[in-house]
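To keep things clear, I will list the structure first and then write my remarks on it.
Owing to the predicted nature of the structure, the values given are computational and were not obtained by experimental measurement.
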Amino acid sequence: DVQLQASGGGLVQAGGSLRLSCAASGFNFDDYAIGWFRQAPGKEREGVACISSIDDSTYYADSVKGRFTISSDNAKNTVYLHMNSLKPEDTAVYYCAALPDIYYSDSTCFTPADMYYWGKGTQVTVSS
């Protein structure tokens, strides 16, 4: 079975840091790009960052550039989202998703409908 398990969320004060993990199984990790999305209450799901499994190229949403870093450990089939300088507006449920790397682009990796597999989310709450 395909699984994407997101973890690492929690409650943090503004300015703090968290590291999210996305552990993948049940598909060939090396053939897929992984993206992080988030959804705040009453808002649409939005793409945050994504990484290619082929060349580790990355894309970031403007709202997180310079604060968030996505990385991949292919040996562990795990992608990380390092979040620094967190703001209250970063509060959301964070999800990871997978997309075949052949379709990877700065458009597809931010489009929820283009993702093939989804994991359950992990809650991130940033207090002011």
Side-chain angles (χ1 to χ4, degrees):
D1 289 349
V2 170
Q3 287 194 353
L4 289 167
Q5 183 64 52
S7 61
L11 173 64
V12 63
Q13 288 189 332
S17 300
L18 281 175
R19 188 186 76 166
L20 305 184
S21 299
C22 174
S25 62
F27 62 97
N28 191 348
F29 185 79
D30 292 341
D31 291 337
Y32 282 77
I34 302 294
W36 283 98
F37 292 76
R38 66 186 181 186
Q39 189 165 19
K43 294 189 176 181
E44 292 187 353
R45 192 168 295 189
E46 62 172 353
V48 175
C50 48
I51 186 167
S52 167
S53 62
I54 293 178
D55 60 6
D56 286 342
S57 59
T58 57
Y59 296 114
Y60 294 93
D62 288 343
S63 58
V64 306
K65 278 181 183 176
R67 300 188 299 121
F68 290 11
T69 302
I70 188 170
S71 63
S72 179
D73 185 338
N74 285 21
K76 295 182 178 180
N77 285 7
T78 300
V79 169
Y80 303 98
L81 185 67
H82 307 260
M83 305 186 296
N84 298 319
S85 301
L86 283 161
K87 304 175 181 179
E89 50 263 44
D90 294 318
T91 295
V93 178
Y94 283 71
Y95 301 87
C96 57
L99 167 76
D101 222 296
I102 58 173
Y103 302 127
Y104 178 73
S105 74
D106 60 353
S107 175
T108 58
C109 78
F110 291 129
T111 304
D114 287 336
M115 309 309 283
Y116 276 43
Y117 306 125
W118 287 90
K120 295 181 180 179
T122 185
Q123 176 72 47
V124 171
T125 303
V126 184
S127 63
S128 56

What's the separation between atom [atom1] in [X] and atom [atom2] in [Y], rounded to the nearest 0.5 Å?
X	Y	atom1	atom2	value
Gln13	Ser128	CD	OG	9.5 Å
Gln123	Leu11	CD	CG	9.5 Å
Arg38	Arg45	CZ	CZ	13.0 Å
Ser107	Asp114	OG	CG	6.5 Å
Glu46	Trp36	CD	CH2	14.5 Å
Asp30	Asn77	CG	CG	7.0 Å

Determine whether [X] and [Y] make a side-chain contact, defined as any pair of heavy atoms from C-beta on separated by less than 4.5 Å.
X	Y	value
Val12	Met83	no
Val79	Leu81	no
Leu4	Phe27	yes
Tyr104	Ser53	no

Would you check if the side chain of Thr122 reaches a backbone N or O of Tyr94 as a donor-acceptor pair within less than 3.5 Å?
no
Between Tyr103 (side chain) and Ala33 (backbone), is there a donor-acceptor pair under 3.5 Å?
no
In terms of ring plane angle, is the pair Tyr117 and Tyr32 parallel, tilted or perpendicular, where the classes change at 30° and 60°?
tilted
Measure across [X] and [Y] and return the closest heavy-atom pair with its distance rounded to 0.1 Å.
X	Y	answer
Ile34	Cys96	CG2-CB, 4.4 Å
Arg67	Ser85	NH1-O, 3.0 Å
Tyr59	Cys109	CD1-SG, 3.7 Å
Tyr80	Asp73	CE1-CB, 4.0 Å

I would like to know whether Leu18 and Phe68 meet side chain to side chain contact (heavy atoms under 4.5 Å, CB included); could you show each step before the answer?
CA-CA 10 Å; Leu18 281 175; Phe68 290 11; over 6 Å; no
Please determine whether side-chain hydrogen bond (donor to acceptor under 3.5 Å, both in side chains) holds for the pair Gln5 and Ser7, giving the CA-CA distance in whole Å, both sets of side-chain angles, and the decisive distance to 0.1 Å.
CA-CA 7 Å; Gln5 183 64 52; Ser7 61; over 6 Å; no
Check ion pair Lys65-Asp62 (N to O, under 4.0 angstrom)
yes
When you check the side-chain N and O atoms of Asn84 and Ser17, is any donor under 3.5 Å from an acceptor?
yes
Please tell me whether Ser52 and Asp101 have a donor and an acceptor in their side chains that are separated by less than 3.5 angstrom.
yes
